[in-house]
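Structure record follows, encoded as structure tokens.
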Number of protein chains: 2
Amino acid sequence: MFTIGKLASLTSVSNDTLRYYEQEGLVEPAGKSPAGYRLYDKDSARRIRFIKHAQNCGFTLAEIRDLLVLRGRDKACCGDVRTRAVEKKLQIESKIRAMKAMSKALDQLIADCANETQPVNECTIIAALERANVKTPVH
Amino acid sequence: MFTIGKLASLTSVSNDTLRYYEQEGLVEPAGKSPAGYRLYDKDSARRIRFIKHAQNCGFTLAEIRDLLVLRGRDKACCGDVRTRAVEKKLQIESKIRAMKAMSKALDQLIADCANETQPVNECTIIAALERANVKTPVH
DNA sequence: CTTGACCCTGGAGTATACTCCGGGGTCTAG
DNA sequence: CTAGACCCCGGAGTATACTCCAGGGTCAAG
């Protein structure tokens, strides 16, 4: 069990952010010291890392809360829980496709840059994106 | 040449957002009508779609402006331009890895949900993420 | 028993990316 | 020539995700 500052340095997240996450229902301290200090354990650190990964994947805190709830339900593994998981997966996959297209486009750009004799094609990136026929999800 | 409303409906973006993008230096109308109406062409629509794709990939508007500038430079294809492209690519690839890990984790979750006899493993998502050993870039 | 490093709460402030509004011009169809 | 649908600008408001105080308590070391 350690205090907030330790968790903060373990996860490269500020104390304020951790308190904010708690306020938003994303993490709960494992306990509290007599003086009212928040106390955390290794699972807390895992949870924070998960949140950061998910954020890095483009999820909002609200969505991440959903994912965590989804993970938390030990039994109620039916209907909407599964549906949400499938939804998220489709979302992620569409993002991956978009990102791969971007990556390819950048490859092209980098390649064009490599042989400096050729000027950069005006539309390298856009063309690559359009070839990839990526669908941007409508929010 | 068409007006802002048309571009808005073509790209599923609001008039306000288009004006905001202009203000932020992401798009310029191809021209203006005598009355001062913004006039756009097909390239404008492409550009907007590019912005949306890039946003969907987790780029900020500031970064997208960079990407567009990068794309725009017909000659100055050296040094920092190339460097930035390489940087972006690394960024994207790290995100793709993280997203693949998320996707796999969700697969597992969905699979667990499929045979409802088994309760959901408490740590399915987190465990998968940790197996994937994803590095979250420090901003 | 004080100093410095830590913790608490509540609330205000910031950056990003829109979104909405008021007040007013433009333009096309009837 | 007027009604309705469109456009303009400037500025205020909103949601998200922090970030930074102020004012005060806790605690281990010297």
Side-chain angles (χ1 to χ4, degrees), chain A residues 1-41 44 47-68 91 95 136-139, chain B residues 1-41 44 47-68 91 95 136-139:
Chain A
M1 292 290 226
F2 39 81
T3 57
I4 199 167
K6 191 78 199 302
L7 180 59
S9 65
L10 276 175
T11 56
S12 311
V13 158
S14 75
N15 294 18
D16 280 335
T17 299
L18 291 173
R19 281 189 281 257
Y20 173 70
Y21 286 172
E22 180 177 344
Q23 194 183 297
E24 295 298 302
L26 288 150
V27 243
E28 282 286 303
K32 289 245 178 170
S33 83
Y37 286 20
R38 291 169 179 81
L39 296 173
Y40 301 93
D41 57 12
S44 313
R47 203 175 174 94
I48 299 302
R49 266 180 236 117
F50 174 73
I51 293 168
K52 286 288 140 194
H53 285 315
Q55 251 184 336
N56 193 34
C57 294
F59 290 99
T60 64
L61 292 187
E63 289 172 326
I64 295 167
R65 198 171 29 219
D66 284 4
L67 283 172
L68 287 166
Q91 247 180 57
K95 284 191 184 179
T136 309
V138 183
H139 313 295
Chain B
M1 292 290 226
F2 39 80
T3 58
I4 199 168
K6 190 77 198 303
L7 180 59
S9 65
L10 277 175
T11 56
S12 311
V13 159
S14 76
N15 294 16
D16 279 335
T17 299
L18 291 173
R19 280 188 280 256
Y20 174 71
Y21 285 172
E22 181 177 344
Q23 194 182 298
E24 295 298 302
L26 289 151
V27 242
E28 281 285 303
K32 289 246 181 171
S33 82
Y37 286 19
R38 289 168 180 81
L39 296 174
Y40 299 94
D41 56 14
S44 313
R47 204 174 172 97
I48 299 302
R49 264 179 237 118
F50 173 73
I51 293 169
K52 285 288 141 193
H53 286 314
Q55 252 185 336
N56 193 35
C57 296
F59 290 99
T60 64
L61 292 187
E63 288 171 327
I64 295 167
R65 198 173 29 221
D66 285 2
L67 282 172
L68 286 165
Q91 244 179 59
K95 284 190 185 181
T136 310
V138 183
H139 314 292

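Near DNA chain D, meaning a heavy atom under 4.0 Å from it, residues 28-41 of chain A has A:Ala35, A:Tyr37 in order of number. Within residues 18-25 of chain B, the residues approaching DNA chain C are B:Tyr20, B:Tyr21, by heavy-atom distance under 4.0 Å.
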*side-chain contact (heavy atoms from CB on, under 4.5 Å) assessment of B:Arg65 paired with B:Thr60*: CA-CA 9 Å; B:Arg65 198 173 29 221; B:Thr60 64; over 6 Å; no
*Could you please spell out the steps behind the side-chain contact (heavy atoms from CB on, under 4.5 Å) verdict for A:Tyr20 and A:Leu26?*
CA-CA 9 Å; A:Tyr20 173 70; A:Leu26 288 150; over 6 Å; no
*Which is it for B:Phe59 and B:Asp66 under the side-chain contact (heavy atoms from CB on, under 4.5 Å) test, yes or no, and what are the steps along the way?*
CA-CA 10 Å; B:Phe59 290 99; B:Asp66 285 2; over 6 Å; no
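Here chain A contacts DNA chain D (any atom closer than 4.0 Å to a heavy atom, that is under 4.0 Å), and the contacts span D:dA17 to D:dC27 from 5' to 3'.
The interatomic distance linking B:Ile4 (CD1) with C:dT26 (P) rounds to 17 Å, in whole Å. Nucleotide C:dT26 holds its C1' atom 15 Å from the CG atom of B:Asn15, rounded to whole Å. In this structure, A:Asp16 atom CG and C:dG10 atom P are separated by 14 Å, rounded to whole Å.
In this view, B:Ser33 satisfies the side-chain hydrogen bond (donor to acceptor under 3.5 Å, both in side chains) rule with no residue, not counting sequence neighbours. Considering only residues two or more places apart in sequence or on other chains, A:Thr3 meets the side-chain hydrogen bond (donor to acceptor under 3.5 Å, both in side chains) condition with none of them. With sequence neighbours excluded, no residue satisfies side-chain hydrogen bond (donor to acceptor under 3.5 Å, both in side chains) with B:Thr11. Every residue meeting the side chain to side chain contact (heavy atoms under 4.5 Å, CB included) condition with A:Ser44, not counting sequence neighbours, appears here in chain and number order: A:Leu7, A:Tyr40, A:Asp41.
Under the salt bridge (Lys or Arg N to Asp or Glu O under 4.0 Å) criterion, no residue pair touches residues 5-15 of chain B, with sequence neighbours excluded. Residue pairs meeting the salt bridge (Lys or Arg N to Asp or Glu O under 4.0 Å) criterion with at least one member in residues 18-30 of chain A, sequence neighbours excluded: A:Asp16-A:Arg19, A:Glu22-A:Arg38. Within the structure, every pair that satisfies the salt bridge (Lys or Arg N to Asp or Glu O under 4.0 Å) test and touches residues 54-63 of chain B, not counting sequence neighbours, is listed here: B:Glu63-B:Lys88.
Mapping B:Thr60 and A:Gly5 onto DNA chain C via the closest heavy atom, the residue that lands nearer the 5' end is A:Gly5.
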